[in-house]
*Asks:* 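Please see the structure below; I have some questions.
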Amino acid sequence: MTMSRLLLMSVLLIGLATIVRVQAEPPEVVEPDRLPNIVFILIDDLGWTDVGCFGSDFYDTPNIDRLAGEGMKFTQAYAACSVCSPTRAAILTGKYPGRLRITHAIPIQGNLRMEGPLPLIPANYVKNLPLEEVTIAEALKEQGYVCASIGKWHVCWDEAYYPEAQGFDMNIAGNNMGNPGTYFYPYKGKWRMTKDHPWINWQLFKDGHEGEYLTDRLTDETIKFIKMNRDRPFFIYLSHYAVHTPIQVKDEDLAKYEDRPKGEHQNNAKYAAMVDNVDQNVGRVLQTLEDLDLADNTIVVFYSDNGGHGKYTSAQPLRGNKGNFYEGGIRVPLIVRWPGVIEAGSTCDTPVTSTDFYPTLLDAVDLPAMPTQHVDGVDLMPLLTQTASIDRDALFWHFPNYIGAGHPDPATPCSVIRSGDWKLIQFYEDNRIELYNLAEDISESQNVAAKYPEIVEQLHKRLTSWLHDADVQMPVPNPLYQVKKSENSH
């Protein structure tokens, strides 16, 4: 063997030894003062009582229940809208949907599936989350975070506004669609706005295997990302498509519920299996954090983007469901865990909403507040640490559109204010006002507007002021409806 070949083999052997040694070395110990990781788990269409710790009488959610036992449960957490895109935009920006003018699920205009002329022409709304908005991911990157959006995106229509353009280093299975088409590989779907529009086809993953289930796959990708970035602060926006329609489940998950006695209010075995699978995958993420010794230095947020679908689940004792602005459509489960900071098993009854995550996470990672960005958000750290209350007199919702998507009791154009225990809803078709005292009537069964005119006047004035301040878009009277109404009166 020549000297040159000996030299070459020596180099190769040294290199191989180096590779083996690097792989065999124990992982780097995480610095105790390292910035906390953030795992934000957003479930789609999960109702307020769809988990055990919030009162489900049919669905098993031991991992989510354990998360609540290790963190803080918020009993009066709200979504910024009763449908998905506006809530997601509010989470990412810290602004109310009305201020962003992203007030409906993108890109449906709201009245496209409804027959005949409507009393009001719904307001146009923004179809792409503006790139000028500094998203929470972009803010966290200033502090050195690596950011991943895994799962549903749905805050835009055009590809130029996908997560990669909004501060995320990685986008997995996020596009402009609100559902996956199918929960089993190859995850294909098709959709069109109206019968006059062409079909739009999409596929979330190009690789996979027969029988692979989407919620499992998104969790697999999350675990990979955690392992890849265990030695640096990371922000994971894990936005599951589940439990949005179509209601599709694995046989082994369904078997558990087929012969189970039904709950008093919840009884759909397929939906129960879908919730159960979500819980299993939440458990997998939590276990990964524990296995990698990251759990104590990771903030975990568990949240839903709006209420549950009224055809498949119930939020009793709440009235309503996804697609309207009674409590069942907008009150959602929220759990936050941060060991050593948040007391295990604690509960908070203060109303909070989607815009609050932005300033809260900035505070948690020692970044300065950005009040002109998260203008509608409030820092929840005083509540999480139980050191003080928060300074806010009201929460607001604005929906200048129509739902028209097959949900029971679909919303018509309206605006809502909650202040203290009082909740006022103004419906724009007839300017009807409804008033409820949620402390005395959580089911919103008694409209007490006529009984408390002074409360109505006070809240309506406050709501009108906010609508003006936020410069919201409004619906307008529909002349075609007036013509039809006139013809029918003769």
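As a basis for the values below, the full set of heavy atoms in this structure was taken, side chains included, without hydrogen atoms, waters or symmetry mates.
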*Asks:* Backbone N or O of A89 within a donor-acceptor pair of the T93 side chain at under 3.5 Å?
*Replies:* yes

*Asks:* Does a donor on one side chain and an acceptor on the other come within less than 3.5 Å for N176 and D158?
*Replies:* no

*Asks:* Here's a test for you: under side-chain contact (heavy atoms from CB on, under 4.5 Å), which of L424, I433, V416 qualifies with L459?
*Replies:* L424

*Asks:* For T298, which residues count as a side chain to side chain donor-acceptor pair (under 3.5 Å) partner, sequence neighbours excluded?
*Replies:* N37

*Asks:* For the aromatic rings, using the six-membered ring if either is Trp, is the centroid distance between H244 and Y241 under 6.0 Å?
*Replies:* no

*Asks:* Quick one, N437 with Y452, criterion side chain to side chain donor-acceptor pair (under 3.5 Å). Give me CA distance, side-chain angles, the key distance, then yes/no.
*Replies:* CA-CA 10 Å; N437 186 311; Y452 297 101; over 6 Å; no

*Asks:* Would you say the side chains of Y78 and E327 form a donor-acceptor pair under 3.5 Å?
*Replies:* yes

*Asks:* Does L438 offer a backbone N or O that forms a donor-acceptor pair with the side chain of E444 under 3.5 Å?
*Replies:* no

*Asks:* Taking D471 first and then R101, would you say they form a salt bridge - that is, a charged N and a carboxylate O separated by under 4.0 Å?
*Replies:* yes

*Asks:* Using a strict cut-off of less than 4.0 Å between a Lys/Arg side-chain nitrogen and an Asp/Glu carboxylate oxygen, indicate whether D44 and R88 qualify as a salt bridge.
*Replies:* yes

*Asks:* Hey, are the side chains of H398 and L467 touching, using non-hydrogen atoms and a 4.5 Å cut-off?
*Replies:* yes

*Asks:* Side chain to side chain donor-acceptor pair (under 3.5 Å) with D421: which residues, sequence neighbours excluded?
*Replies:* none

*Asks:* Might you confirm whether atom CD of E457 has over 12 heavy atoms from other residues, nucleotides or ligands at distances under 6.0 Å?
*Replies:* no

*Asks:* We want to know whether Y326 and R331 form a side-chain donor-acceptor pair, criterion being a heavy-atom distance below 3.5 angstrom.
*Replies:* no

*Asks:* Looking only at side-chain N and O atoms, does T49 offer a donor or acceptor that is under 3.5 Å from a partner on Q316?
*Replies:* no

*Asks:* With a sphere of 6.0 Å drawn around CG of N431, does it hold more than 12 non-hydrogen atoms of other residues, nucleotides or ligands?
*Replies:* yes

*Asks:* Side chains of T103 and Q473: do they bring a donor and an acceptor to under 3.5 Å?
*Replies:* yes

*Asks:* Is any side-chain N of the basic residue among K141 and E138 closer than 4.0 Å to the acidic one's carboxylate O?
*Replies:* no

*Asks:* Mind checking whether P333 and K73 have side chains closer than 4.5 Å, heavy atoms only?
*Replies:* no

*Asks:* Would you say Y96 and T353 are linked by a side-chain donor-acceptor pair, where the criterion is simply a distance under 3.5 Å?
*Replies:* no

*Asks:* Under a 4.0 Å threshold between the charged nitrogen and the carboxylate oxygen, would D293 count as salt-bridged to R230?
*Replies:* no

*Asks:* Going from CD1 on I236 to CG on N229, what distance comes out if it is rounded to the nearest 0.5 angstrom?
*Replies:* 7.5 Å

*Asks:* Under 3.5 Å, side chain of E434 to main-chain N/O of A449, donor-acceptor pair present?
*Replies:* no

*Asks:* Please round to the nearest 0.5 Å and tell me the distance separating atom CZ of F357 and atom CD1 of I299.
*Replies:* 12.0 Å

*Asks:* Once you round to the nearest 0.5 Å, how far does OG1 of T135 lie from CD1 of I91?
*Replies:* 12.5 Å

*Asks:* Would D409 and N321 count as a side chain to side chain donor-acceptor pair (under 3.5 Å) here? Give the steps.
*Replies:* CA-CA 8 Å; D409 195 14; N321 47 255; over 6 Å; no

*Asks:* Say whether T87 and D305, considering side chains only, have a donor N or O and an acceptor N or O under 3.5 Å apart.
*Replies:* no

*Asks:* Classify the side-chain pair Y402/E429 by whether it contains a donor and acceptor separated by less than 3.5 Å.
*Replies:* yes

*Asks:* So, D231 and R34, do they make that salt bridge, N to O below 4.0 Å?
*Replies:* no

*Asks:* Using the ring pair (Phe, Tyr, Trp, His ring centres under 6.0 Å) criterion, which residues pair with W338? Sequence neighbours excluded.
*Replies:* none

*Asks:* Calculate, to the nearest 0.5 Å, the distance between atoms OG1 and OH belonging to T245 and Y183 respectively.
*Replies:* 7.0 Å

*Asks:* Would you mind reporting whether L362 and I136 have side-chain heavy atoms less than 4.5 Å apart?
*Replies:* yes

*Asks:* Does any N or O in the side chain of H240 come within less than 3.5 Å of the main-chain N or O of A242, such that one atom is a donor and the other an acceptor?
*Replies:* no

*Asks:* First locate atom CD1 of I335, then atom CG of D65, and finally report the distance between them rounded to the nearest 0.5 Å.
*Replies:* 7.5 Å

*Asks:* Taking the six-membered ring for Trp and the single ring otherwise, decide whether the centroids of F168 and Y162 are under 6.0 Å apart.
*Replies:* no

*Asks:* Keeping to residues at least two apart or across chains, list the salt bridge (Lys or Arg N to Asp or Glu O under 4.0 Å) pairs with something in residues 342-363.
*Replies:* D356-R392

*Asks:* Distance check, rounded to the nearest 0.5 Å: L140 atom CG versus Y358 atom OH?
*Replies:* 8.0 Å

*Asks:* Distance-only, no hydrogens or angles: does the N324 side chain make a donor-acceptor pair with backbone N or O of A411 under 3.5 Å?
*Replies:* no

*Asks:* Are side-chain heavy atoms of P180 and Y187 found at a separation under 4.5 Å?
*Replies:* no

*Asks:* Within the distance-only criterion (no hydrogens, no angle test), does the side chain of D393 pair as donor or acceptor with the backbone N or O of S419 below 3.5 angstrom?
*Replies:* no

*Asks:* Do the side chain of S304 and the main chain of G47 share a donor and acceptor less than 3.5 angstrom apart?
*Replies:* no

*Asks:* Given the rule in the side chain to side chain contact (heavy atoms under 4.5 Å, CB included) test, do K423 and I425 qualify, once you have shown the distances and angles that lead to the verdict?
*Replies:* CA-CA 7 Å; K423 178 180 175 183; I425 310 175; 4.2 Å; yes

*Asks:* Would you call Y428 and Q426 a side-chain contact if the rule is heavy atoms closer than 4.5 Å?
*Replies:* yes

*Asks:* Begin from the C-alpha positions of E221 and R217 and carry the test salt bridge (charged side-chain N to carboxylate O under 4.0 Å, His left out) through to its verdict.
*Replies:* CA-CA 6 Å; E221 298 293 339; R217 175 63 185 272; 2.9 Å; yes

*Asks:* Is a side-chain donor or acceptor of Q373 paired with a backbone partner of V134 at a separation under 3.5 angstrom?
*Replies:* yes

*Asks:* Checking the side chain of S82 only, and the main-chain atoms of G329 only, is there a donor and an acceptor separated by less than 3.5 Å?
*Replies:* no

*Asks:* Under the 3.5 angstrom rule, does the side chain of D441 hit a backbone N or O of S445 as a donor-acceptor pair?
*Replies:* yes

*Asks:* Only counting residues at least two apart or in another chain, list the ones meeting side chain to side chain donor-acceptor pair (under 3.5 Å) with Y59.
*Replies:* T313

*Asks:* With a 6.0 Å cut-off on ring centres, are H104 and F399 close enough?
*Replies:* yes

*Asks:* Evaluate F302 against F40 for side chain to side chain contact (heavy atoms under 4.5 Å, CB included), listing each step before the verdict.
*Replies:* CA-CA 6 Å; F302 178 87; F40 194 111; over 6 Å; no

*Asks:* Output all residues satisfying side chain to side chain donor-acceptor pair (under 3.5 Å) with D45, sequence neighbours left out; order by chain, then residue number.
*Replies:* N306, K322

*Asks:* Any ion pair linking E290 and R66 (charged N to carboxylate O, less than 4.0 Å)?
*Replies:* yes

